[in-house]
2 protein chains.
Amino acid sequence: MSTPTASALPRPTVARLPVYLRALTTLAAAGTLRVSSTELARRTGVSPAVLRRDLSSLGQLGRRGVGYPVTALEQTISRALGLAEDQAVILVGAGHLGSALAGYTGFADRGMRVCAVLDADPRLAGARCGPTVVQSMDDVERVITETGARLAILAVPADVAQSVADQLVTAGIRGLLNFAPVDLEVPSGVSVRAVDLSTELQILAFHQAELRDEDRRAGD
Amino acid sequence: MSTPTASALPRPTVARLPVYLRALTTLAAAGTLRVSSTELARRTGVSPAVLRRDLSSLGQLGRRGVGYPVTALEQTISRALGLAEDQAVILVGAGHLGSALAGYTGFADRGMRVCAVLDADPRLAGARCGPTVVQSMDDVERVITETGARLAILAVPADVAQSVADQLVTAGIRGLLNFAPVDLEVPSGVSVRAVDLSTELQILAFHQAELRDEDRRAGD
DNA sequence: TAGATTGTTAATCGATTAACAATC
DNA sequence: TAGATTGTTAATCGATTAACAATC
């Protein structure tokens, strides 16, 4: 019991921390030394009360009457997210989407390092993909052992997503960012975040239609 | 007051409807005629109670003792989401990610039609991109008018995302799927869904670290 | 000291869960 | 009728909001 067992932050809080972190990095880059909850909340689209509550769950990080120190807060959140050092991430699927993600330069300065790209198609093995080279899925165990990766991005066709996920979990992956439009089943202790583009667009379609309907009714 | 003003579904419900819809399409393709709340809930990772409550907010769609008719339910949800006919979507940004999205074939059978790709770089105008051709951002007003698009996918660099979003909103776009790692500010009446890959990975990193810490403590 | 702003408490809001009557 | 399963109510849970004492 050397360190306090902070643990167990509310899920919505966890999901907002990366957003705060991003805004803080922007502020730090601009040379800003301190920021108030009101200002940081405005920049991240949350209420000041939610922001203060979220931050206070990580400790007493601000100073009353003054605000929060930008750089220190940045580091505290970064550590809370487990980003004390870069996280190794493997990317599975070297199709159009996978290649685009492999070449994405936005991961590096947010603590994420795409350390390998794998594909089931043996013809792709050895091909360049972003800054690295495609390896065979047959080597998944070795790649995960060598890189120590605990996170994976899944950019494979829907019909193989579950079986690839199973392989990855067996090989030690503990978090999956899934771009395939299927609901993955994983053992407890493994997290999945799903990014389904059609789902997102359908949610937008609903809100847009809802608003249009309201207008129509109001106009009657 | 001809139709009941169902409107105003809870946000979490709206976000789950596309997931139900996807599972129902799979069931329909397999020739399944009816499904129970327990089975559909299992397939979509929600609790049966949440599922029934969500569906009942759209009307009395099931039959007690029997379950829900797959095809009819599919159509009801589809209509509720505003997908009675396909939604025209424009895609802005023809870089690596934009090109991958333009070529994505998964939109079509989920009611979404990428009807145009635009880019600010005049050198890209006329280049092939997925099934279509890149048009200049100068033509954004015309393209939106001609296509009737109300939704847009934003796959542009972070530093221009806000100004591009402003242009799109001015031109009539009412829903934005934003891949740039910035918090967009939009007028009320416009919806934004953000897909920030680093944020997603950071959330996974937290859960993975949290679990590892618990193991470590338990192992002491 | 006076003004500003955090950290935290209490009140409100909203969503999920449990349970079961209705009914196929 | 007996078994199954929905639709809905009441109870629980959890998150947000409002407000303000603490304190810089």
Side-chain angles (χ1 to χ4, degrees), chain A residues 4 6-20 23-24 27 32-77 80 203 206-207 210, chain B residues 4 6-20 23-24 27 32-77 80 203 206-207 210:
Chain A
S7 79
L9 301 182
R11 279 180 172 269
T13 298
V14 174
R16 284 187 294 259
L17 289 179
V19 181
Y20 303 152
L24 287 164
L27 285 166
T32 309
L33 296 180
R34 56 182 182 73
V35 66
S36 68
S37 60
T38 311
E39 170 64 9
L40 189 53
R42 192 190 58 73
R43 286 173 175 258
T44 54
V46 305
S47 79
V50 160
L51 177 73
R52 289 203 298 275
R53 165 156 291 228
D54 284 346
L55 294 184
S56 76
S57 66
L58 298 181
Q60 301 208 160
L61 307 173
R63 275 172 58 184
R64 297 170 199 235
V66 178
Y68 297 90
V70 171
T71 310
L73 187 54
E74 205 184 349
Q75 286 170 0
T76 301
I77 295 179
I203 294 169
F206 175 88
H207 291 306
E210 186 182 40
Chain B
S7 78
L9 301 181
R11 278 180 174 271
T13 298
V14 173
R16 284 188 294 261
L17 290 179
V19 181
Y20 303 151
L24 288 165
L27 286 166
T32 309
L33 298 180
R34 57 184 181 71
V35 66
S36 69
S37 60
T38 310
E39 171 64 10
L40 190 54
R42 192 190 58 72
R43 287 173 175 259
T44 53
V46 305
S47 79
V50 159
L51 177 73
R52 290 203 297 276
R53 164 156 292 228
D54 284 346
L55 295 184
S56 76
S57 67
L58 298 180
Q60 301 207 161
L61 306 173
R63 275 173 56 184
R64 296 169 200 237
V66 178
Y68 297 89
V70 171
T71 310
L73 187 53
E74 206 184 348
Q75 286 170 359
T76 302
I77 295 179
I203 295 170
F206 175 88
H207 291 306
E210 185 183 41

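To find a chain, count down the sequence lines: A is the first, B the second, and so on, and within it residues start at 1. Bear in mind the structure is a predicted one, so any value in this text is a computation, not a measurement.
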With sequence neighbours excluded, what pairs up with [X] under the side chain to side chain contact (heavy atoms under 4.5 Å, CB included) test?
X       : value
A/Ser56 : none
B/Ser47 : B/Ala49, B/Val50
A/Ala80 : A/Leu58

Quick check on contacts: within [range], what sits under 4.0 Å from DNA chain C by heavy-atom distance?
range                     : value
residues 58-66 of chain A : A/Gln60, A/Leu61, A/Gly62, A/Arg63, A/Arg64, A/Gly65, A/Val66
residues 69-76 of chain A : none
residues 32-49 of chain B : B/Ser47, B/Ala49

Using the test side-chain hydrogen bond (donor to acceptor under 3.5 Å, both in side chains), find all partners of A/Arg53 that sit at least two apart in sequence or belong to another chain.
-> none
Residues at least two apart in sequence or cross-chain that pass side-chain hydrogen bond (donor to acceptor under 3.5 Å, both in side chains) with A/Thr13, listed by chain then number, are A/Asp54
Rounded distance [0.5 Å steps], [atom1] in [X] versus [atom2] in [Y]:
X       : Y        : atom1 : atom2 : answer
B/Leu27 : B/Tyr68  : CG    : OH    : 14.0 Å
A/Leu51 : A/Ser36  : CG    : OG    : 9.0 Å
A/Leu33 : A/Thr71  : CG    : OG1   : 7.0 Å
B/Arg11 : A/Phe206 : CZ    : CZ    : 9.5 Å
A/Leu55 : A/Arg16  : CG    : CZ    : 10.0 Å
A/Leu24 : A/Arg43  : CG    : CZ    : 9.5 Å

Of A/Arg52 and A/Arg16, whose nearest nucleotide on DNA chain D comes first from the 5' end?
-> A/Arg16
Outer limits of DNA chain C sitting under 4.0 Å from a non-hydrogen atom of chain A, read 5' to 3', are C/dA4 to C/dA10
Pairing annotation in dot-bracket form, given for DNA chain C with Watson-Crick or G-U pairs under 3.5 Å and | for cross-strand partners = ..||||||||||||||||||||||
A/Arg52: salt bridge (charged side-chain N to carboxylate O under 4.0 Å, His left out) partners, not counting sequence neighbours | none
Can you name the salt bridge (charged side-chain N to carboxylate O under 4.0 Å, His left out) partners of A/Arg42, sequence neighbours left out?
-> A/Glu39, B/Glu185
Closest contact, heavy atoms only, A/Val14 versus A/Pro18 = O-CD, 3.0 Å
Which pair of heavy atoms, one from A/Leu40 and one from A/Val35, lies closest together, and at what distance?
-> N-CG2, 3.9 Å
